[in-house]
Amino acid sequence: MVDGGAVREAILTTLLTSGTATVLATLIGVPLGAWCSSKTTSVFDKMRVVVTALYGLPPVVVGVFVYALFSKSGALGSLDLLFTIEAMIVAQTCLILPLIWGGSWSAFDKTARQYRDTFDTLGATQKQRLLLEIGLARSGVYHAVVIGFGRAIAEVGAVIMVGGNIAGKTRVMTTSIVLETSKGNMDQASFLGVLLLLFSLTIVALASFVQRPNVRKSPSLSGAAPPALIPYDGPAERTVSVRREGLEILKPTKVSLQPGTITVVLGESGAGKTSLLRALAGLEGDDVICGYQECVYVPQKPLPLTLSVGLELNLASSLFDKCEPSSAYFSEKFSLHQKSERSPHGLSGGEMQRLILSRQLGFAPKLLLLDECTANLGSAQVKAIETELMRHRKEGVCIVLATHNVLQAKRMADAMVILHDGVQIEEDSQLARSLLAGEWSG
């Protein structure tokens, strides 16, 4: 026989206990995960091992700890919280906190590794960067929270120890199932089991629906004119080198940086072109100012930072108040104007490439570093990009372009840097002449 009143009270108590514990663990664990992912010392490596080990924390151990804490002789015994819902919430929060903390840590870690170069060259504030990271890590954080909620709602040992399974007060669905089973009332135990399963699935489904990206909030495109550019006024020449793990990836290479010029970097795959650009962008140790009207780096692999094409095109103006919107100009220039509401991940490879280039050009750079920005694009799109780069050169922007395309290099270069196995070679050398003649190109 099923007692409807008892079932209703168990459901409400379960929702209050597990729901509150999940919210508290999320408010504590997600910021902790984001903070820990930004640390690289060995102390945090050891801490991560501990947090991961606590994934399997036995509920009865948590129950003993919280019981001792709130008992009459415990440190918090004066609060008189033992055998209350509050004690159950504390127990479940302690139980699921490592799951949400560690899961969020892993999600933010993955985001940081994948997007570090982009974040480091945006010029965004720490707060702006954190908000972007949260948006990119939302899927991993969501799964961590769901796993935490699943463990909380299914837990028995800790809540029965600190709550006492008091009817009408601290009895939740899991403890009710245990009690009814021990009494032989299998009808009510089975009914509660089915309800617990449906309840859990419903909550997870609703959370999944809420966390889905809503691209309908994408801002409208504005700014039909290109952004105002200022001439490059930095060092006229830089010598850069790159060393990793004791190996010299790029030997000292001299690069001329003059306003209104395009320097093309040529070389086969693995010659050091990307390492050279990264060094110029300050990603290999040097201190370089990046962001609005400063140095802007466009990596070879395009990575979107937002939920829609429109948000991506408006990123510069959303990060910098002084930056005038130019999303309408670039969307028209690079044939993206009919896709502003779409998710970037639904674009083709070529469309994604043009989108990320448009986003970066919106920062109005005075030093523009481009890594294979026209690779695998059609002739019409290559022409549109080259035309835009020529406009930048005319406005005094200094451009360094890494490419495999020898014909493009000859069309656009004011100066060339030719690399082979991390070493700069002279243009009149045999290798350089072979490359420029199109006899080999990586």
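Atoms considered below: every heavy atom in the structure, side chains included; atoms not considered: hydrogens, waters and symmetry mates.
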Enquirer: Which residues pass the side chain to side chain donor-acceptor pair (under 3.5 Å) test with S327, not counting sequence neighbours?
Expert: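 Expected list: N314.
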Enquirer: Can you name the nearest heavy-atom pair linking Y232 to Q258, along with the distance?
Expert: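 Looks like CD2-C, 4.3 Å.
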Enquirer: Check each of H404, K301, K273 against E372 using the side-chain hydrogen bond (donor to acceptor under 3.5 Å, both in side chains) test, and report the only one that passes.
Expert: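 So, applying the side-chain hydrogen bond (donor to acceptor under 3.5 Å, both in side chains) to E372 and each of H404, K301, K273, only H404 qualifies.
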Enquirer: Let me check something: any side-chain donor-acceptor pairs from residues 247-254 under 3.5 Å, sequence neighbours excluded? List them with distances.
Expert:
from	atom 1	to	atom 2	distance (Å)
E248	OE1	K251	NZ	3.1
T253	OG1	K251	O	2.8

Enquirer: Which heavy atom in V298 sits nearest to a heavy atom in Q360, and how many Å separate them?
Expert: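 What the structure gives for the nearest pair is CG2-CB, 3.6 Å.
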Enquirer: With a 4.5 Å heavy-atom cut-off, do V309 and L347 have their side chains touching?
Expert: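 Counting from C-beta outward, V309 and L347 do come under 4.5 Å.
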Enquirer: Does E312 have any salt bridge (charged side-chain N to carboxylate O under 4.0 Å, His left out) partners at least two apart in sequence or in another chain, and if so, which?
Expert: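 Once residues adjacent in sequence are excluded, the partners of E312 under the salt bridge (charged side-chain N to carboxylate O under 4.0 Å, His left out) criterion are R359.
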Enquirer: Run the side-chain contact (heavy atoms from CB on, under 4.5 Å) test against I385 and tell me which residues pass, sequence neighbours left out.
Expert: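 Residues passing side-chain contact (heavy atoms from CB on, under 4.5 Å) with I385: F334, L357, C373, T374, L377, L389.
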Enquirer: How close do V397 and P365 get, counting heavy atoms only, and between which atoms?
Expert: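 Reported closest heavy-atom pair: CG2-O, 3.3 Å.
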Enquirer: Sequence neighbours excluded, which residues qualify as side-chain contact (heavy atoms from CB on, under 4.5 Å) partners of F320?
Expert: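 Residues passing side-chain contact (heavy atoms from CB on, under 4.5 Å) with F320: Y292, C323, F363.
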Enquirer: Please tabulate, for side-chain N and O atoms in residues 85-100, each donor-acceptor pair with protein atoms closer than 3.5 Å (sequence neighbours left out).
Expert:
from	atom 1	to	atom 2	distance (Å)
E86	OE1	T84	OG1	3.3
Q92	OE1	S18	OG	3.2
Q92	NE2	A152	O	3.0
T93	OG1	I89	O	2.7

Enquirer: Side chains of T403 and Q408: donor-acceptor distance under 3.5 Å anywhere?
Expert: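 Yes, because at least one side-chain N or O of T403 sits under 3.5 Å from a partner of the opposite role on Q408.
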Enquirer: Check ring pair (Phe, Tyr, Trp, His ring centres under 6.0 Å) between Y55 and all other residues, then give those that pass, not counting sequence neighbours.
Expert: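 Not a single residue meets the ring pair (Phe, Tyr, Trp, His ring centres under 6.0 Å) criterion with Y55.
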Enquirer: With sequence neighbours excluded, what pairs up with R244 under the salt bridge (charged side-chain N to carboxylate O under 4.0 Å, His left out) test?
Expert: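 Testing R244 for salt bridge (charged side-chain N to carboxylate O under 4.0 Å, His left out), a comparison that skips the adjacent residues, returns E284.
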Enquirer: Mind checking side chain to side chain donor-acceptor pair (under 3.5 Å) for D109 and listing every partner two or more places apart, or none if nothing turns up?
Expert: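 With sequence neighbours excluded, D109 shows a side chain to side chain donor-acceptor pair (under 3.5 Å) to R48, given in chain and number order.
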Enquirer: Just jot down the salt bridge (charged side-chain N to carboxylate O under 4.0 Å, His left out) partners of E294, sequence neighbours excluded, or say none.
Expert: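 With neighbours one apart ignored, the set is K366.
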Enquirer: What residues, two or more places apart in sequence or in another chain, satisfy salt bridge (charged side-chain N to carboxylate O under 4.0 Å, His left out) together with R391?
Expert: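 Partners of R391 by the salt bridge (charged side-chain N to carboxylate O under 4.0 Å, His left out) criterion, ordered by chain and then number, come out as E388.
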Enquirer: Can you list everything that forms a side-chain contact (heavy atoms from CB on, under 4.5 Å) with R393? Sequence neighbours excluded, please.
Expert: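 R393 satisfies side-chain contact (heavy atoms from CB on, under 4.5 Å) with I262, M390, D414 only.
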